[in-house]
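Data block below; observations after.
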Amino acid sequence: KSINITSLLDGINVKQGLITFMTSNIIDINNILTVNNNDQVNNPLVRPCRVDYSLDFTWAKKNEIIEMFNKFYNNLIVQSIFLMSVLIIVGLFIPNWLVFVITKAIAYGLVALGIVTLMRGGLVSFGQGFVFAIGGYTAGLLGTQAGLTDAVLLLFISFLFTGFVGLIFGPLLARYRDIFFAMLSLAFSMVLYGVLIKIDAIGGSDGFVLPESTYFGILPSSDYADYALYVVSIILTGIVSVLLRYYYNSTPGLIALAVRENELRVEYLGASAFRVTVLNFTIAAGLGGMGGALNGIALGHTDPEFSY
């Protein structure tokens, strides 16, 4: 092994300017901040002329952590707030029919964000209509049966419930890849469609009408009802997008990219491709359900066609 390492450092085929990271892999509980330094690395590996310059990597200081956070995320947050503000202001000057169309587009955009999350792990779902319909029916039944009409609360509950459904079905779907994953997810949505059209208590194939939505206890007039939902959808989607950006840069989010490239190698390195896939599917299910609830609230109606 030492011959291979030294060959990599200064073998005949090694180019100049090579950067090498070396660690002793020694964990000293009593001195954990200084264990990975040159003293624990084999001296022949770091002798002069073989290693020209060395630098110890220690734990980041508080000010360094703050600086890194500001560099990577503050611009994103500021830009998101600015974009949301612009869209909210623009909504005041466009006709109601366009506000309605944009709101529906945002609903489908939430579903698309879930699909993007799955695609980062190398999977494509043909059955997001499954959670889209569950989200729409969740919001509708809570409104008609439980008397819950607050749009923000309905969207949040739909997200949680469909995310829970995704957590149940995720372990089954996570065992499949490629077209098998896509077709099995599609099968679930088709089964749900068949079930919904047979239940007359919830409207059968015709679906049912949702009650008018309120916003923190306030019922807007008919002239501003669409705009109120538009504002809520802009804000929620902006928050979701920022949180997804954080997730994509997190350890599970980056592991998903590695799973897409070489799942077997990820498993050899000790990470669980199965857990990451289940997590991504759960997030995608929650986003799909929120999109379905938003679409149902915007339309004021939900039906089995949501599962397509």
Problem set entry | Shared hydrophobic cluster for Ile157 and Leu154 (ILVMFWY, side-chain gaps under 4.5 Å) | yes
Exercise. With a 4.5 Å heavy-atom cut-off, do Asp226 and Trp97 have their side chains touching?
Worked result: no
Seminar exercise, completed: dist Thr162:OG1 -> Ile283:CD1 (nearest 0.5 Å) comes out at 12.0 Å
Seminar exercise, completed: CD of Gln79 to CE of Met84, rounded to nearest 0.5 Å, is 11.5 Å
Exercise. Given side chains that start at C-beta, do those of Arg177 and Glu263 come closer than 4.5 Å, heavy atoms only?
Worked result: yes
Exercise. With distance as the sole test, does Ser158 use its side chain to make a donor-acceptor pair with the main-chain N or O of Gly289 at under 3.5 Å?
Worked result: no
Seminar exercise, completed: In short, Pro211 meets Thr144 closest at the heavy-atom pair CD-CG2, 3.8 Å
Exercise. Taking side chain as C-beta onward, heavy atoms only, is Thr103 less than 4.5 Å from Tyr227?
Worked result: no
Problem set entry | CZ (Phe161) with more than 12 external heavy atoms under 6.0 Å | no
Exercise. Heavy-atom distance under 4.5 Å between the side chains of Tyr193 and Ile197, does that happen here?
Worked result: yes
Exercise. Does a sphere of radius 6.0 Å around CZ in Phe274 hold more than 12 heavy atoms from other residues, nucleotides or ligands, not counting ones at 6.0 Å or beyond?
Worked result: yes
Seminar exercise, completed: In short, Val259 meets Gly121 closest at the heavy-atom pair CG1-O, 4.0 Å
For this session: Determine, using the 4.5 Å side-chain heavy-atom cutoff (strictly less than), whether Ile102 and Ile89 are members of one ILVMFWY cluster.
Result: yes
For this session: Determine the minimum heavy-atom distance between Ser125 and Ser185, stating which atoms define it.
Result: OG-OG, 3.4 Å
Problem set entry | Evaluation steps, side-chain hydrogen bond (donor to acceptor under 3.5 Å, both in side chains), between Tyr247 and Asn280 | CA-CA 10 Å; Tyr247 171 69; Asn280 285 348; 2.5 Å; yes
Exercise. Where the side chain of Glu267 meets the backbone of Ala273, is there a donor-acceptor pair that is under 3.5 Å apart?
Worked result: yes
Exercise. According to the interplanar angle, ranging from 0 to 90°, do the rings of Phe181 and Phe281 count as parallel (below 30°), tilted (30 to 60°) or perpendicular (above 60°)?
Worked result: perpendicular
Exercise. Side chains of Asp303 and Tyr137: donor-acceptor distance under 3.5 Å anywhere?
Worked result: no
Exercise. When you look at OH of Tyr215, are more than 12 heavy atoms from neighbouring residues, nucleotides or ligands closer to it than 6.0 Å?
Worked result: yes
Exercise. Heavy atoms, side chains only, cut-off 4.5 Å: are Leu210 and Thr149 in contact?
Worked result: no
Exercise. Is there a side-chain contact between Leu153 and Leu142, using heavy atoms and a 4.5 Å cut-off?
Worked result: no
For this session: Check the hydrophobic clustering (I, L, V, M, F, W, Y; side-chain heavy atoms under 4.5 Å; chains of links allowed) and say if Leu148 and Leu294 are grouped together.
Result: yes
Exercise. Does some side-chain heavy atom of Leu184 sit less than 4.5 Å from a side-chain heavy atom of Phe126?
Worked result: no
Exercise. How many angstroms lie between CG in Asn295 and OH in Tyr108, if you round to the nearest 0.5 Å?
Worked result: 4.5 Å
Exercise. In the single-linkage hydrophobic clustering (I, L, V, M, F, W, Y; side-chain heavy atoms under 4.5 Å), do Ile179 and Leu123 co-cluster?
Worked result: yes
Problem set entry | Shortest non-hydrogen contact from Gly136 toward Thr302 | C-OG1, 3.8 Å
For this session: Would you name the heavy atoms of Ser307 and Ser189 that are closest together and state the gap between them?
Result: O-CB, 3.5 Å
For this session: May I ask you to check whether over 12 heavy atoms, not counting those of Met190, lie within 6.0 Å of atom CE?
Result: yes
Problem set entry | Joint hydrophobic cluster, Val278 plus Leu257, side-chain heavy atoms closer than 4.5 Å | no
Problem set entry | Asp150 side-chain N/O to Phe216 backbone N/O, donor-acceptor pair under 3.5 Å | yes
Seminar exercise, completed: Closest non-hydrogen contact found for Gly166 with Ala285 is CA-CB, 3.7 Å
For this session: Tell me yes or no: between the side chains of Tyr248 and Thr117, is some donor less than 3.5 Å from an acceptor?
Result: yes
For this session: Could you grab the distance from atom CG of Leu186 to atom CZ of Phe130, nearest 0.5 Å is fine?
Result: 12.0 Å
Exercise. Looking at side-chain heavy atoms only, is the closest gap between Gln128 and Leu118 below 4.5 Å?
Worked result: yes
Problem set entry | Interatomic spacing from CG in Leu110 to CZ in Phe159 - rounded to 0.5 Å | 10.0 Å
Problem set entry | Between CG on residue Asp206 and CD on residue Glu305, distance to nearest 0.5 Å | 10.5 Å
Only distances under 3.5 Å count here; give the side-chain donor-acceptor pairs of residues 233-242 to other protein atoms, sequence neighbours excluded, each with its distance to 0.1 Å.
unit_1	atom_1	unit_2	atom_2	d
Ser233	OG	Leu229	O	3.2
Ser233	OG	Tyr230	O	2.6
Thr237	OG1	Ser233	O	2.6
Ser241	OG	Thr237	O	2.8

